[in-house]
Amino acid sequence: MIPTRRSRLAATAVLLFTAWLCVLALAGAPAAHAQHAPAEGIAYEIIVPLDREPRLDVRLTIFPEAGFAGGPVELRLPEGLSPEDVRVVAPPGVPAEEGAEPASRGGDAPVSDGDGNAVRIDIPAATPVTVGYSVRLRGGLINPAAQPEAPYASAYLGDFAYVAGRDTLARPVGAPPAGAATVTVHLPPEWRAFAADIGELPSGRATPVADVERLVLLMGPVAVDAQDTPGGRVTVVTAGAMPWPAEAAAESLNTMVAALAEAGFGQFLTDVTFFHIRYPGALRLNPIIAGHTVGHRTMVLWTGLGGLDWWRKHAARTVIDWLLQRTVTTLPEAAWFAEGLPEYATLLLLHELGYMSADEMYLALRTLYATGIHYTGPGWPSLVLAGVTSPRSHASQRVLEFRAPLVAFLLDVELREASAGAASIMDIWREAAEEQRRNPSAVFHTARLLSSVAEFGDLSAFAEQYLFGSRIPPADFDGVYRRWLATRGEDGP
């Protein structure tokens, strides 16, 4: 067959297209020398300077995998650092205060720019290499608890340091190292270091860390209180001079955890640690108390001004939030339960422990009622609709934040009356937690939550009006409050 002009053009087009695909494949493929994570493990050293400047000196030793023939390892640097800030140091493992001058770029293990905020370290075959850099911590009037990255945002606290691995420790680009990382802290005299979910890190001793990005350290001349309770061991690490005795705060936290254990949640509790931190400098005049959960069993409580009773409410709310998150998983349409229960259950816990008098409980519930009722009625979405709205509108957020606690209170009154005081909203929580313990993949919707207390009465009308609808609650709060008191056998104001 004699090729025609059209067939020759077609063949040429196919060849050009094939060549173009090959170019794309080669461009997209990683270069032979760009080995992102040939590290068997990484050993971090965090050195607190003796001059107490708002900075940390960080060293990390990269141990190559067996058989690694040499080449670059790429590290992602903390925000604010550039490759010019990183130097290879020798020998590895020597604390900064003992010497070790930085090696110049272009030496046996040079440092070069990587992609984006990354650096490439040239590593000889089978040879560990240590690199170092300094990182400055936030200070001044920047509220560490209000940062978008909180609680994984480091801060300089004067005599203390709150350090997050996410913004201080360089990490390999690509796959993580095959072995666990270790972290060693080098501290000034009288300083101690505690790591969230790990415990105390002795100065100069390496500790394995599963995920350095989620590592959180509290370092300084901290006060430590550790006590065993029916819910597990409670450790309170206090940094800074509090407006009240640190022992009083620790005793309050011990009492809260013990009360939750005695209320039937003991099997869901575990040893917990609280980082009890005073805001630094002028931020100590801040009346806002912030609470965060770090990892699986550490809570961070930031404190400024205010009384111990005010602090207890925020601490109790943080504890209940933490326990609810670890025991019950809800679908978006049942977000009202996860959003509303903690606020109301916090008041119940404080009242039952005697931290809130009958008069204070009346005022707290009245405030909750008056605030929530403002976000009811036909102009606002139902709680179920607010939960499934994505992204959440301003109206949905307000409804879940303020109406959900009010409806949790009303549901408690309804359930207590239907059961003659034998059941409460806490039983809904406990039953759901039991079911999820038996079936960890369980996810709860509204009907499934309410079915756990169906033996005490039909709650479908309540759900239709207050959960799937936007019914305005009775205007007479005192009447509802007296109903609540009667189911508890209490006298009130």
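Just the heavy atoms: all of them, side chains too, but no hydrogens, waters or symmetry mates, feed the values below. If you read the sequence from its start, that first residue is 1, and numbering goes on from there. Computed from a predicted model, the values in this text were never measured in an experiment.
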Visitor: I'd like to know if the side chain of Asn286 reaches the main chain of Leu283, judged simply by a donor and an acceptor atom lying under 3.5 Å from each other, with no hydrogens or angles considered.
Guide: no

Visitor: Do the rings of Tyr375 and Phe402 sit parallel, tilted or perpendicular, given the 30° and 60° boundaries?
Guide: parallel

Visitor: Measure the spacing between CG of Leu201 and CG of Leu218 and express it to the nearest 0.5 Å.
Guide: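 It comes to 11.0 Å.
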
Visitor: Under 6.0 Å from the ring centre and within 45 degrees of the ring axis: does the NZ or CZ of Arg312 meet both conditions for the six-membered ring of Tyr355?
Guide: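 Yes - Arg312 lies over the ring of Tyr355, closer than 6.0 Å to its centre and within 45° of its axis.
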
Visitor: Could I get the full list of side chain to side chain contact (heavy atoms under 4.5 Å, CB included) partners for Glu213, not counting sequence neighbours?
Guide: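 Testing Glu213 for side chain to side chain contact (heavy atoms under 4.5 Å, CB included), a comparison that skips the adjacent residues, returns Arg166, Arg171, Asp211.
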
Visitor: Salt bridge check, Glu149 against Arg138: does any charged N sit closer than 4.0 Å to a carboxylate O?
Guide: yes

Visitor: Backbone N or O of Arg233 within a donor-acceptor pair of the Asp271 side chain at under 3.5 Å?
Guide: yes

Visitor: In residues 364-373, what donor-acceptor pairs under 3.5 Å come from side-chain atoms, sequence neighbours left out?
Guide:
| residue | atom | partner | partner atom | Å |
| --- | --- | --- | --- | --- |
| Arg366 | NH1 | Tyr362 | OH | 3.0 |
| Thr367 | OG1 | Leu363 | O | 2.9 |
| Tyr369 | OH | Pro474 | O | 2.7 |
| Thr371 | OG1 | Thr367 | O | 2.8 |

Visitor: For residues 287-300, tabulate all N or O donor-acceptor pairs below 3.5 Å that involve a side-chain atom, not counting sequence neighbours.
Guide:
| residue | atom | partner | partner atom | Å |
| --- | --- | --- | --- | --- |
| His292 | NE2 | Ala145 | O | 3.2 |
| Arg297 | NH2 | Asp197 | O | 3.0 |
| Thr298 | OG1 | Asp197 | N | 2.9 |
| Thr298 | OG1 | Asp197 | OD1 | 2.9 |

Visitor: Which residues pass the side chain to side chain donor-acceptor pair (under 3.5 Å) test with Tyr279, not counting sequence neighbours?
Guide: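 So Tyr279 forms no side chain to side chain donor-acceptor pair (under 3.5 Å) with any residue.
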
Visitor: Using atom types as modelled and distance alone, determine if a side-chain donor or acceptor of Arg278 lies under 3.5 Å from a backbone N or O of Ala239.
Guide: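 No; judged by distance alone, with no hydrogens or angles, the pair does not exist.
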
Visitor: Hey, is the main chain of Gly264 close enough, under 3.5 Å, to the side chain of Arg430 for a donor-acceptor pair?
Guide: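 Checking the backbone N and O of Gly264 against the side chain of Arg430, no donor-acceptor pair under 3.5 Å is found.
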
Visitor: Does Ser203 use its side chain to pair, donor to acceptor, with the backbone of Leu187 at less than 3.5 Å?
Guide: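 Yes: the side chain of Ser203 pairs with the backbone of Leu187.
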
Visitor: Please report the interatomic distance CG(Leu415) to CD1(Ile425), rounded to the nearest 0.5 Å.
Guide: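 Leu415 atom CG to Ile425 atom CD1 measures 8.0 Å (nearest 0.5 Å).
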
Visitor: When you measure from the side chain of Glu333 to the backbone of Thr446, do you find a donor-acceptor pair of N or O atoms at a distance under 3.5 Å?
Guide: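 It does hold such a pair.
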
Visitor: Within a reach of under 6.0 Å around CZ of Arg438, are more than 12 heavy atoms found that belong to other residues, nucleotides or ligands?
Guide: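 Counting neighbours around CZ of Arg438, more than 12 heavy atoms of other residues, nucleotides or ligands fall under 6.0 Å, so yes.
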
Visitor: Do you know the tightest heavy-atom contact between Thr184 and Ala206?
Guide: OG1-CA, 3.2 Å

Visitor: Applying side-chain contact (heavy atoms from CB on, under 4.5 Å) to Val222 and Glu200, what does each step give before you reach the verdict?
Guide: CA-CA 11 Å; Val222 296; Glu200 184 165 10; over 6 Å; no

Visitor: What is the distance from atom CE of Met219 to atom CG of Leu56, rounded to the nearest 0.5 Å?
Guide: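 CG of Leu56 is found 5.0 Å from CE of Met219.
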
Visitor: Is the shortest distance from a Lys or Arg side-chain nitrogen in Asp309 or Lys313 to a carboxylate oxygen in the other one below 4.0 Å?
Guide: no

Visitor: For Val399 and Glu339, what are the C-alpha separation, side-chain angles and deciding distance, and is it a side-chain contact (heavy atoms from CB on, under 4.5 Å)?
Guide: CA-CA 10 Å; Val399 162; Glu339 299 284 347; over 6 Å; no

Visitor: Is the side chain of Asn254 donor-acceptor paired with the backbone N or O of Ala250 at a distance under 3.5 Å, no angle test?
Guide: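 Side chain of Asn254 to backbone of Ala250, a donor-acceptor pair under 3.5 Å: yes, one is there.
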
Visitor: For residues 153-165, dump all side-chain donor-acceptor pairs below 3.5 Å to protein atoms at least two apart in sequence or in another chain.
Guide:
| residue | atom | partner | partner atom | Å |
| --- | --- | --- | --- | --- |
| Ser154 | OG | Ala164 | N | 2.7 |
| Ser154 | OG | Ala164 | O | 3.4 |
| Ser154 | OG | Asp167 | OD1 | 2.6 |
| Tyr156 | OH | Arg52 | O | 2.8 |
| Tyr156 | OH | Gly158 | O | 3.1 |
| Tyr162 | OH | Pro151 | O | 2.7 |

Visitor: Output yes when a side-chain donor or acceptor of Gln436 lies under 3.5 Å from a complementary backbone atom of Thr329, and no otherwise.
Guide: yes

Visitor: Mind checking what makes side chain to side chain contact (heavy atoms under 4.5 Å, CB included) contact with Arg55, not counting sequence neighbours?
Guide: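 Testing Arg55 for side chain to side chain contact (heavy atoms under 4.5 Å, CB included), a comparison that skips the adjacent residues, returns Pro49, Asp51, Glu53, Asp57, Ser134, Arg136.
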
Visitor: Indicate yes or no for a side-chain donor-acceptor contact from Glu251 to the backbone of Ala248 under 3.5 Å, with no hydrogens or angles considered.
Guide: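 Between the backbone of Ala248 and the side chain of Glu251 there is no qualifying donor-acceptor contact (under 3.5 Å).
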
Visitor: Answer yes if the ring centres of Phe337 and Trp429 are under 6.0 angstrom apart, and no otherwise.
Guide: no

Visitor: Tell me, with the steps shown, if Phe194 and Leu217 meet side-chain contact (heavy atoms from CB on, under 4.5 Å).
Guide: CA-CA 6 Å; Phe194 283 80; Leu217 297 168; over 6 Å; no

Visitor: Is Arg403 salt-bridged to Glu343, going by a charged N under 4.0 Å from an acidic O?
Guide: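 No.
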
Visitor: Among His276, Arg284, His314, find the residue that satisfies the side-chain contact (heavy atoms from CB on, under 4.5 Å) test when tested with Thr303.
Guide: His276

Visitor: Could you give the distance from CG (Leu411) to CG (Leu406), rounded to the nearest 0.5 Å?
Guide: 11.0 Å

Visitor: Walk me through whether Thr235 and Asp225 qualify under side-chain contact (heavy atoms from CB on, under 4.5 Å).
Guide: CA-CA 6 Å; Thr235 302; Asp225 181 285; over 6 Å; no

Visitor: Distance-only, no hydrogens or angles: does the Thr229 side chain make a donor-acceptor pair with backbone N or O of Gly232 under 3.5 Å?
Guide: yes

Visitor: Just how far is it from atom OG1 of Thr327 to atom CZ of Phe265, taken to the nearest 0.5 Å?
Guide: 7.0 Å

Visitor: Any luck finding a side-chain donor-acceptor pair between Tyr152 and Arg214 under 3.5 Å?
Guide: yes

Visitor: Regarding Arg87 and the six-membered ring of Tyr133, is the cationic atom NZ or CZ under 6.0 Å from the ring centre and inside 45° of its axis?
Guide: no

Visitor: So how far is it from Leu350 CG to Ile320 CD1, rounded to the nearest 0.5 Å?
Guide: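 With rounding to 0.5 Å, CG (Leu350) is 7.5 Å from CD1 (Ile320).
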
Visitor: Report yes if the distance between the aromatic ring centroids of Trp191 and His186 is under 6.0 Å, otherwise no.
Guide: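 When the ring centroids of Trp191 and His186 are compared, they turn out to be at least 6.0 Å apart.
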
Visitor: Between Arg437 and Glu434, does any NZ, NE, NH1 or NH2 come within less than 4.0 Å of an OD or OE carboxylate oxygen?
Guide: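 A salt bridge links Glu434 with Arg437.
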
